[in-house]
Amino acid sequence: MRIARFVIDSDPQYGLVEGDEIAAIAGDPFFQGVQPTGTRHPLDEVRLLAPIIPRSKVVCFGRTYADHAKELGNEVPAAPLMFLKPNTAVVGPGDPVTLPAFSEEVSYEAELAVVIGRICKDVPAEKASDVVFGYTIANDLTARDAQRTDGQWARAKGWDGSCPLGPWIETELDVDDVTISGRLDGEQVQSGSTAQLIWSVADLVAYASQAFTLLPGDVILTGTPAGVGLVREGQRFEAEIEGIGTLSNTFRR
Ligand code: MN
């Protein structure tokens, strides 16, 4: 299933994306299951929103792909490296991102995002799939200049708009080997596969759950493959993941 959140002429609601249509569903699928209301809309007549506003946090992993760690001159960490983004960082598919005034060096990072479906803590990797609701796409936008100068990455990684998510949550996806690509103004700049992750997606969910209680609707970003670079005002970045779709955002000052 592909679960999206959308507006057409009233309040945001959830829906099931089926081909070029969206079937509205009643209530909140994280807590009430998927119950279609019978109302359908052409997909191009609705505005998609971020498929989830994380209930409490976005847990992010850095340097989980060796080729990306190396391209920025970093060692591959001995254990997974985590940081957080606040839920106010999240914007939706198609939303314009306002580049922060404090940075001249904002970089794109196309990433597979895990959406948690159940409250959990200390999840063994072999049970990680039990707590996963589905997968979506993220752009871990990063102010590289602030990342270099600040001891903590809260500002560099957590500014408003720094976490585009979408276009929807795919609930059935085998994430062992899916391609992740990034295009800047139509030109391919990132290309990798989750098969290149140093730790598996299940290992990352397990690791995050050792530090944090994960809540339904929390999101985990699994890191970016090589090819990161800067985005400038007026440009468009598209992150595409095989089996999910494409997350596209433009940038402005
Ligand atoms: Mn990242």
Side-chain angles (χ1 to χ4, degrees), residues 50 52 54 57-91 93 97 99-100 103 105-116 135-166 175 178-184 189-201 203-205 207-208 211-212 218-231 237-241 244 246-249 251:
I52 183 71
K57 56 197 166 298
V58 182
V59 179
C60 309
F61 284 95
R63 301 170 192 161
T64 52
Y65 291 83
D67 53 353
H68 166 61
K70 283 182 196 142
E71 75 179 338
L72 295 182
N74 296 303
E75 297 289 318
V76 173
L81 168 66
M82 276 194 292
F83 55 94
L84 297 172
K85 286 178 188 269
N87 58 8
T88 44
V90 172
V91 295
V97 174
L99 296 167
S103 177
E105 290 180 47
V106 171
S107 176
Y108 54 79
E109 296 188 355
E111 308 200 2
L112 175 72
V114 181
V115 183
I116 297 297
Y135 300 93
T136 188
I137 306 169
N139 188 351
D140 172 19
L141 291 166
T142 304
R144 290 277 177 243
D145 37 9
Q147 190 181 29
R148 279 195 304 270
T149 55
D150 296 0
Q152 301 274 332
W153 295 356
R155 184 172 71 132
K157 293 277 198 179
W159 45 275
D160 288 353
S162 63
C163 191
L165 285 181
V175 293
V178 290
T179 58
I180 299 177
S181 46
R183 289 186 296 275
L184 186 63
V189 286
Q190 288 193 278
S191 177
S193 161
T194 53
Q196 299 164 322
L197 277 166
I198 298 163
W199 301 277
S200 71
V201 172
D203 288 337
L204 296 175
V205 171
Y207 192 84
F212 306 113
D218 280 351
V219 173
I220 298 175
L221 269 50
T222 57
T224 197
V228 301
L230 302 185
V231 286
F237 185 76
E238 295 163 287
E240 182 172 353
I241 297 185
I244 304 179
T246 302
L247 170 69
S248 174
N249 296 90
F251 297 87

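In each ligand, atom 1 is the first atom listed, and ligand 1 is the first ligand listed.
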Taking just the N, O or S atoms of [X], which one is nearest to the Mn ion (ligand 1)?
| X | result |
| --- | --- |
| Asp140 | OD2 |
| Glu111 | OE2 |
| Glu109 | OE1 |

Minimum heavy-atom distance Asp203-Trp199, with the two atoms named
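Smallest heavy-atom distance, with atoms named: CB-CB, 4.0 Å.
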What heavy-atom pair brings Leu230 and Glu105 nearest, and what distance separates the two atoms?
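In this case the closest contact between Leu230 and Glu105 is CD2-C, 3.8 Å.
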Under 3.5 Å: donor-acceptor pair, side chain of Gln196, backbone of Ala66:
no
Beyond-backbone contact of Asp140 with Lys85, side-chain heavy atoms, under 4.5 angstrom
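The answer is yes; the side chains approach within 4.5 Å.
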